[in-house]
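Input: a single structure, listed below in structure tokens.
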Number of protein chains: 2
Amino acid sequence: MIEIIHLKIIREIDKQKSMTAAAKTLCLTQPALSHSIKKLEQMFNIHIWEKKGRYLEFTPAGQHLLSLANRILPQIEYSEDYLKKYAHGDMGSLRIGMECHPCYQWLLKVISPYLKEWPGIDVDVKQKFKFGGIGALFNYEIDILITPDPLLKAGLCFEPVFNYEQVLVVPHNHPFRSLPYIKASQMASETLISYPVETNRLDIYSMFLTPHNISPKQHKIIESTDIILQMVENGRGVTALPHWFVEENKKRFNIASVRLGKHGIAKKLFIGIRKSDQQIKYLKAFIALSKKISFSFSTK
Amino acid sequence: MIEIIHLKIIREIDKQKSMTAAAKTLCLTQPALSHSIKKLEQMFNIHIWEKKGRYLEFTPAGQHLLSLANRILPQIEYSEDYLKKYAHGDMGSLRIGMECHPCYQWLLKVISPYLKEWPGIDVDVKQKFKFGGIGALFNYEIDILITPDPLLKAGLCFEPVFNYEQVLVVPHNHPFRSLPYIKASQMASETLISYPVETNRLDIYSMFLTPHNISPKQHKIIESTDIILQMVENGRGVTALPHWFVEENKKRFNIASVRLGKHGIAKKLFIGIRKSDQQIKYLKAFIALSKKISFSFSTK
DNA sequence: GAAATAAAATGATATAAATTCATTTATCTA
DNA sequence: TAGATAAATGAATTTATATCATTTTATTTC
């Protein structure tokens, strides 16, 4: 029988590239690992690694087990954590996945009252996923996914929580400022600043520039929203952000917003959860609260 | 530490609703299970179940572990199987998921030469998924998904393998037979026969009837393709199937096909795999073979 | 409502497994 | 080639697990 310890050993040896080192972090001795894996090998009549010089190299069977370990151990470890918290009186934990960079500010506005309403729930926000947000939901890496791209498929369910318009952000003295909207062609002479995401995942490309076959003069990549806004403020380029977000930051930065195209870019934010979690109270409460906060957002 | 055996015990008790019964199937005694779980409870300072009358009832913590067990054990068990086969000289296994009922015939045409080309690979075909085909891919329940609905998201990749037209199948003496195509309204007086799938997943509804707000006179549900075709042959109704499939079965059944709408219903079949599996040779070979077979299909 | 039945919990003992220590084998390095 | 580093092996010890016998608790049944 494959045991958790086997998977832990395999994962750790892959990480450390050495059995002796792995033994140390697992609080065991090197022969313990050696015997343990030997037993597994004999049970299935396979080899898990070969000695390549001083060190070990996984066989295909070993790689298979490594992939199993990387898939399964995080789930076990999360459950162990969860049970510990449960014993401490905490009643659950909410792992939120975000697939929408600038919506972080919106999320903060939801989380703050949520933490007050649900003192027993631990909240964690993740933004990087090996297999994408949908994969993270399926794999139980997160419990809630916030995304503009819902997936209406068996096993998950998505609810719209927030409508907003994606607009172009320009410095206060920019000629675009007085226009009711800009055309795609007008972007050809601008420097566009964005988050480090593939262009086909940026709305300003997929819903505005690409359909008109236009590219900006230059495309700069910056990670932090604050730095992006400072750059815009200083005339170093323009960027695309949610309208409400620009409004919220007009006090901090000398910026203005312009509609993208005659009808603007309308966006919808969704919250996705696993169908099997639909009945969990503190999850339902988060979705309800999101909608409430978003409503006050869009009407102000 | 949570152990595999804990999860097995919890799953088995949930299944059998009795510890004594669970002990029997696990080839252990009842006190063994009791002690084992007691140890886990003490480790985390939780309760996993409560005695309700003679039997046990899971606490929320127990339910959490049950959900973990149902998620993880199938993966472990698959790996154990996989390793056993690996030892026997089999080099891998290919679990195919199908989200397209009538494509089964097409699949058979691909699998047959594949088995000859890759004698070391075990092939299995699954058609029911708790969390949908996409979920099954993410959860490692299957390795390949055959579906008309690709999902262009991180973690998975889809490739088109086959184009075909979905047509209406009618008996040889049906008045539609001589028409170049039929309009949606003409379906209002027909009996439609289909597989037992929600109507919004049937192309004839989603791409033909529903947009024109038409319903057939009657909708009969039948599981087996052969029976459906016999019914059609005998004038009991009409059905929608891939064009190539109708052509293949004209010898066996006295049927004919008619285009659905002026431009017909064009369908594309995709094969989806996990990105992390992209380099696996016997998987790539399956996709390549699918395309090759499909090509000879569409050109004959 | 007492006796019989059924199921799970408990405790002591026996059994089995995992871990360590001491040592060997193999490889690399200076 | 000596010295150092890493993994494998074997025997002994420690630790964990399973069983048996028994008790506790609840449910039938008469």
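Just so it is clear, the model here is predicted, and its values are computed rather than measured. In what follows, every chain begins at residue 1, and chains take the letters A, B, ... in the order their sequences are listed.
Residue A:W49 has a polar side-chain atom (N or O) positioned under 4.0 Å from OP1 or OP2 of D:dA8. The phosphate of C:dA17 (OP1 or OP2) has no side-chain N or O of A:K39 nearer than 4.0 angstrom.
At whole-Å resolution of the value, NE2 in B:H47 and P in C:dA8 are 17 Å apart. To the nearest angstrom, C1' of D:dA7 lies 15 Å from CD of A:E57. If you take CD1 of A:I5 and P of D:dT15, they are 16 Å apart, rounded to a whole angstrom. Atoms CD1 (B:I37) and P (D:dA18) sit 11 Å apart, rounded to a whole Å. Put simply, NZ on B:K24 is 12 Å from P on C:dA6, counting in whole angstrom units. Computed from coordinates, the B:M1 CE to C:dA17 P distance equals 17 Å when rounded to whole Å. The CE-C1' distance, from A:M43 to C:dA17, rounds to 11 Å in whole Å. Here the P atom of nucleotide C:dG11 and the CD atom of B:Q42 are 10 Å apart, to the nearest Å.
Pairs of residues two or more places apart, or lying in two chains, never qualify as salt bridge (Lys or Arg N to Asp or Glu O under 4.0 Å) while including a residue from residues 24-47 of chain B. Pairs engaging residues 135-147 of chain B under the salt bridge (Lys or Arg N to Asp or Glu O under 4.0 Å) rule: B:R95-B:D143, B:D143-B:R274 [sequence neighbours left out].
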Donor-acceptor pairs under 3.5 angstrom involving side-chain atoms of residues 60-71 of chain A: please list them, not counting sequence neighbours.
residue, atom, partner, partner atom, Å
A:H64, NE2, B:S79, OG, 2.9
A:S67, OG, A:R71, NH2, 3.0
A:N70, ND2, A:L66, O, 3.3
A:R71, NH1, B:Q75, OE1, 2.7

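Each end of the helix from C:dG1-D:dC30 to C:dA30-D:dT1 gets its own axis, taken as the rotation carrying the C1' atoms of four end pairs onto the next four within a five-pair window, and the two axes meet at 30° to the nearest 10 degrees.
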B/S/- contact track for nucleotides 20-30 of chain C, protein heavy atom under 4.0 Å: BBB----BB--
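Not counting sequence neighbours, B:D124 has no partner by the side-chain hydrogen bond (donor to acceptor under 3.5 Å, both in side chains) test. Residues that satisfy the ring-ring contact (aromatic ring centres under 6.0 Å, His included) test with B:H219, not counting sequence neighbours, are B:Y205. Remark: B:C157 pairs with no residue by the disulfide (SG to SG under 2.5 Å) rule, at least two apart or across chains. The side-chain hydrogen bond (donor to acceptor under 3.5 Å, both in side chains) test applied to A:S36 returns no partner, not counting sequence neighbours. In this view, A:S18 satisfies the side-chain hydrogen bond (donor to acceptor under 3.5 Å, both in side chains) rule with no residue, not counting sequence neighbours. Under the rule for a ring-ring contact (aromatic ring centres under 6.0 Å, His included), the partners of B:Y195 that lie at least two apart in sequence or sit in another chain are B:H101.
Here the closest non-hydrogen pair linking A:L94 and A:F286 is CD2-CD1, 3.6 Å.
Among the atoms of the strands shown, only primed sugar atoms or phosphate atoms (P, OP1, OP2) are found under 4.0 Å from some heavy atom of A:T20.
Residues B:R11 and B:E77 are paired through a salt bridge, judged by an N-O separation under 4.0 Å between the basic side chain and the carboxylate.
Listed for the B:E80 side chain is a donor-acceptor partner under 3.5 Å among the backbone atoms of A:I2.
Applying a 4.0 Å cut-off to non-hydrogen atoms, the residues of residues 12-19 of chain B that approach DNA chain C are B:S18, B:M19, listed by residue number.
Toward the 5' end of DNA chain C, the nearer of the two residues B:K38 and A:E3, judged by each one's closest nucleotide, is B:K38.
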